[in-house]
Amino acid sequence: MLTVLPTKRARERRLLYSLTLPGLILFCACHTATPPPLETLNAPVRFAPLAPDKADLAAVAIATEVLKDCSESAQDSIDEIESFDRFREQNNQPVSGLLPYAHAAGFACIDDDVTYRQKENALLEDDDLDPALRARLEQEAADDPLLLAKKRLHDERTVRYGSAYNRIAGPVGRLALSGILIPVTIVRAVADVFASERNREPLSLRERQALAHWQEYLRRHPDTQEARKLEKRVEKYEKKYVATMVQRQLREARKLLSKGYPEAARYHLDAALGLAPELREAKRLLLVVDQRSYQRQQALQRSLQAPAQWLPAEEWPAAYEISSAAFLESALPSLPAKSPAPLSQPLAFANAMTLEREGQEKRSFKAYGKIGRKWNASSGMQRHARSIVNRPSENPYRYFRKSKQTDGWRRVRWVMLGPLANGPKRRGLFRPLEWVLDAPTVLSTVITLPGRWFSYSRMKPWPFSREVAVHAKHYLARYPGGDYENKVLDYMRWLENRRGNAIGTLKYAQQRGNLSPREEQRLEEKAAKQMLTGSNREPHPDLRMAMLQRTAGDFPNTKAGQEAGRAARELWDDVSPQQIRITRGFLEEHPKVAGPHGLGLRSQLLDEEARNGELHPEGIAILGGQVIRIAYVDLHGNAKKPPEYSYERLSAERLARLVALLDETSQHKERADSDYDHGADASRDHFFERAKLGLTDTPDLRSGAYSSYTFEGVREKYGLVRSRESILPVDLVFQGSPGDMSLGAFPRLRMPEPTPDAVLYR
């Protein structure tokens, strides 16, 4: 048998492997990432003042001349900056970048609007403009009144004719796989277009906007050639505007008259007559208003008149006893069964009042109802009794039952009829014709009945029974311990449970008093969980603290209550007067904020190397006073796990420089990038002003001073690719209907969005 002995080199290699492998395993098991650095911020830097060069001095001269009197020396300074930049460019040196701003500042000295627009458009043709300056110039160019009026009229034509096209294109597009009801649907779409045109105001919203822009142009430039062309058109649109306002006033007057408010209708009629003094319809309605106002005044006078024949003197003691019993809470007088006729009604009314005062609710309202039916309408007691029975504030249980019944029918109609629950769509046409136009909807209503029933059983939030709940709460407040209290409490418990309001369910169940200990514990757990969830959504720490403390105090024996107590203790440890956060993405997009001119953050925290410490995506938070909180990734370098925090205190000078740079950077970014929104936050701006003035050594602990604003990078918000709207003015829509068994596709015109100032012209 042949035996092979290992050589010396092979034995040495095996020994090296046997020692290296355990050492490597031990190294990997014991190695951890380097903890965050002890010093996060660089030492404060003192920046030497920059000496102004020739271009800087010329820019100051331009600003001075423009703000003062726009003398010719401003153009000389612009030429000086231009020659300075030309000289630096010829010597391969960077230019100052002040020339476009100098030209833009010089535009303020141009009085002629046409020349101003020409100069501005010429400057916009420069490809090297600063994005913020370009955005500002484009906004000014787009603010031309004539251009804005032209855009509004274009939008009006698009909405008017595009809406008509979209209404008809749907049924026509489904002709490919059409059902038997498609022709009827097309007829209904044409009727909708006709009704829309019939109900259209003489001057639409966008046309009113165009009129305002034209009037502004005439006010600014009354002597231009365009102004002379606009005068007749403005006069025509102003007449349409008056007709629109008159039509609105008449519509409101008719509505108020139908509801029984003649005096309020008179206000709108007077406004209509002020615009059109010879309007016959307004004069006719004004006569109706005068007649109804006179009738109301006569009824008021009758109610204030004393009866023509008063009680005889011998019956005064009995009347005094009845009034004393009714209003001084004494026992009713023992009058004869057949009392004198003038005293029988007051005696019955006083008896009903006494029953109500003693808590006999059923008997008292039964007595009031008997009085209201027994005597004639001229009786004062009969009017008082009917008022008590028919007034919701006096008899809330009656309206609770009526509204409950009405609400039940409303639910049945919604489930059974769906879109036809409240009748056909109102198009301003003859009502029977509207029923005929919506007749094809009946088939789809029957087919979709199971779906509505399924959604009804799981509907959140519960949209019904709001009026019933109002009367129920009024009854419980008006008659605590009343005859119908248990019925009302049972209904409110069912309603709150149906709405998903565990707090309300527990409240009414405890007030009802028939809860088992197990059921009460279950409801308390759900109520505590609801309060804890609500407190987590509260941004203000003081209010969140109050909500957590109440949850823990009201439900100490529940899991959610104990969790709320722990959350309150943690919040107390971490509470701060401010929470203005700067994310890592914002610092990476704006290195100047993180650099020595701003925060002074060490560059190692943003180099994506976990071994020397790394900033967490949460970034840095300004906590109020002069304290900031810095979030690091954990020791394993995992940015998805909760961060580890470190706290630093900034000097007043560095904090003032940081917030000033933050504010400036955000506003500059907002002007240059339409997707970036600096947002409005009064508390943030108030804190920034205090920081700039060096007044943050004492934190502002008021609730209204708290801000949770976040400076977030655009890439964090939108990702690498931002969504953009299609350049095509149409959307391809796939649409089908189970009611008429149709399916099809058609292009739908995209309607222009209303401008932000549209609310001023409604």
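In what follows, residues are counted from 1 in the order of the sequence shown. Just so you know, these numbers come straight off a predicted model, no measurement behind them.
A donor atom on one side chain and an acceptor atom on the other are not found under 3.5 Å apart for Q579 and S707. Between the side chains of Q604 and E614, not a single donor N or O lies within less than 3.5 Å of an accepting N or O. Judged by distance alone, the side chains of H678 and D663 do bring a donor and an acceptor atom under 3.5 Å apart. A donor atom on one side chain and an acceptor atom on the other are found under 3.5 Å apart for E716 and T583. Side-chain contact of Q75 with D79: a donor-acceptor pair under 3.5 Å is present, judged by distance alone.
Closest approach of L98 and A55 over heavy atoms only: CD1-O, 3.7 Å. Residues A105 and I62 come closest through the heavy atom pair CB-CG2, 4.1 Å. The two residues P577 and Y706 come nearest to each other via the heavy atoms O-CD1, 3.4 Å. Shown here for Y709 and G679, the closest heavy-atom pair between the two residues is OH-N, 4.2 Å.
Other residues, nucleotides and ligands contribute only 12 or fewer heavy atoms inside 6.0 Å of the NZ atom of K119. Shown here is R466, whose CZ atom has no more than 12 heavy atoms of other residues, nucleotides or ligands within 6.0 Å.
Between H221 and Y217, the ring-plane angle classifies as tilted under the 30° and 60° cut-offs.
The distance from atom CE of M547 to atom CG of D542, rounded to the nearest 0.5 Å, is 11.5 Å. Here CZ of R537 is found 10.5 Å from CG of L532. Values are rounded to the nearest 0.5 Å. A distance of 13.5 Å separates CG of L605 from NE2 of H616, quoted to the nearest 0.5 Å. In this structure, NZ on K54 lies 12.0 Å from OG on S96, to the nearest 0.5 angstrom. For the atom pair OH of Y116 and CG of D144, the computed distance is 11.0 Å after rounding to the nearest 0.5 Å. Note that CG of D685 is 14.0 Å distant from CZ of R690, once rounded to the nearest 0.5 Å.
Ionic pairing of R152 and D155 is present here: one or more N-O contacts between side-chain nitrogen and carboxylate oxygen are shorter than 4.0 angstrom. The residues E588 and R584 are annotated as salt-bridged, a charged nitrogen and a carboxylate oxygen being separated by less than 4.0 angstrom. A salt bridge does not link R654 with E648: every distance from a Lys NZ or Arg NE/NH1/NH2 to an Asp or Glu carboxylate oxygen is 4.0 Å or more. Using a cut-off of 4.0 Å between Lys/Arg side-chain N and Asp/Glu carboxylate O, R499 and E496 are scored as salt-bridged. For the pair E563 and R566, the salt-bridge criterion is not met [side-chain N within less than 4.0 Å of a carboxylate O]. Ion pairing between a basic and an acidic side chain is recognised when a charged N comes within 4.0 Å of a carboxylate O; R208 and E201 show such pairing.
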message: Set out, in order, the CA-CA distance, both residues' side-chain angles and the distance that settles side-chain contact (heavy atoms from CB on, under 4.5 Å) for L124 and R134, then state yes or no.
response: CA-CA 7 Å; L124 282 171; R134 178 179 294 278; 4.2 Å; yes
task: Verify salt bridge (Lys or Arg N to Asp or Glu O under 4.0 Å) between E618 and R629, making sure each step is shown before the conclusion.
output: CA-CA 10 Å; E618 183 179 312; R629 184 186 66 199; 3.4 Å; yes
- request: Step by step, work out the side-chain contact (heavy atoms from CB on, under 4.5 Å) result for V593 and F711.
  value: CA-CA 11 Å; V593 178; F711 289 92; over 6 Å; no
Check against salt bridge (Lys or Arg N to Asp or Glu O under 4.0 Å), E525 and K529: CA-CA 6 Å; E525 187 67 50; K529 187 176 181 180; over 6 Å; no
task: Step by step, work out the side-chain contact (heavy atoms from CB on, under 4.5 Å) result for L623 and I628.
output: CA-CA 6 Å; L623 303 181; I628 63 172; over 6 Å; no
- prompt: Could you walk me through whether Q626 and S651 pass the side-chain hydrogen bond (donor to acceptor under 3.5 Å, both in side chains) check?
  reply: CA-CA 7 Å; Q626 297 172 196; S651 64; over 6 Å; no
query: Going through the distances and angles, do F687 and Q578 end up as a side-chain contact (heavy atoms from CB on, under 4.5 Å)?
result: CA-CA 9 Å; F687 173 77; Q578 294 292 335; 3.9 Å; yes
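Of the possible donor and acceptor atoms, one in the side chain of T244 sits under 3.5 Å from a partner among the backbone N and O of L203. In this structure, the side chain of D143 does not engage the main chain of Q139 through any donor-acceptor pair within 3.5 Å. Judged purely by atom type and a 3.5 angstrom limit, R581 has no side-chain atom pairing as donor or acceptor with the backbone of I620. A donor-acceptor distance shorter than 3.5 angstrom exists from the side chain of E207 to the backbone of S204, with no hydrogens or angles considered. In this structure, D126 contributes its side chain and L129 its backbone to no donor-acceptor pair below 3.5 Å. A donor-acceptor pair is defined here as one N or O able to donate and one able to accept, closer than 3.5 Å; no such pair exists between the side chain of H590 and the backbone of K592. Between the side chain of R671 and the backbone N or O of A135, no donor-acceptor pair lies under 3.5 Å. No side-chain donor-acceptor contact under 3.5 Å links T665 to the backbone of L662.
At least one side-chain heavy atom of L146 sits less than 4.5 Å from a side-chain heavy atom of L230. Side-chain contact between I503 and K526 is absent, with no heavy atoms from C-beta onward closer than 4.5 Å.
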